[in-house]
Amino acid sequence: MYKVFSGEKCIMISGRKILRDEKNSKVIEFKSAEELHREYKAFAKQTRVKKLIVIGDEVIIWKVFRSLFAYIESSGGVVRNDRGSLLMIYRNRHWDLPKGKIEKGEASDQTALREVEEECGVKNLRITSELMLTHHIFFQDKHEWIKRTYWYEMTCCDNTKPKPQTEEGILKVEWMSKDEVKKVWSKIYPSLREVLTAASF
């Protein structure tokens, strides 16, 4: 199954039927690229339906759906310190996780380490495991993009105060306990809530 987030909305592509909430979900069966494009555009414009579920051959549907967008890959980190606190950034009125574009010739794990260092001003990072992939839609230069992000769990042994990369629009960088993360949960993007849940945070 594929999941693509767009703000508070989600598009799910599945080869089998999915249980749905009748009030905020719509289920369609894939028939053609043209129909899928029409259904997505209608879904993007309205506010009541929060989830569009597309049933059919996952590989084919994903190939067609992805072709509707420009595409970019990025990589980021779920970073803990020795106290178990989580490194979070504040940007665009949301609490976020450090991540950034994979440069040409760069491996995704290298990107994750570089972006955490650049966006948060911390060092002594170590990747402990690969975590998951996410996809989300965003707007840039009058185009819709799908961003695929590789997530890694990391540890950080840097005891200096984190410093936000303000030129990237980051206003704050903070180490947060689980309780502190829960308090700002509504200000975390849905795609990142899944990442944090997968990381048992």
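Bear in mind that the values here come from a model prediction, so they are computed numbers and not experimental data.
Using a 30° and 60° split on the angle between ring planes, F69 and Y40 fall in the perpendicular class, above 60°. Taking the six-membered ring for Trp and thresholds of 30 and 60 degrees, W145 and F138 have nearly parallel ring planes, at less than 30 degrees apart. Using a 30° and 60° split on the angle between ring planes, Y189 and H94 fall in the parallel class, below 30°.
Figure legend: K9 and F43 shown as a cation-pi pair, the cationic atom lying under 6.0 angstrom from the six-membered ring centre and within 45 degrees of its axis.
Between L86 and L196, some side-chain heavy-atom pair lies under the 4.5 Å cut-off.
Across all non-hydrogen atoms, the minimal contact from S186 to R193 is O-NH2, 3.7 Å. Here the shortest heavy-atom pairing between A198 and L131 reads O-CD1, 3.9 Å.
Checking S129 against E153 by side-chain atom types alone, a donor-acceptor pair falls below 3.5 Å. In this model, a donor atom of one side chain and an acceptor atom of the other lie less than 3.5 Å apart for Y150 and E73.
Note that CD of E8 is 11.5 Å distant from CG of N24, once rounded to the nearest 0.5 Å.
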Checklist line | D158 vs T160, side chain to side chain donor-acceptor pair (under 3.5 Å): CA-CA, chis, key distance, verdict | finding: CA-CA 6 Å; D158 190 346; T160 60; 2.6 Å; yes
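Applying the salt bridge (Lys or Arg N to Asp or Glu O under 4.0 Å) test to E106 and every residue at least two apart in sequence or in another chain returns R114.
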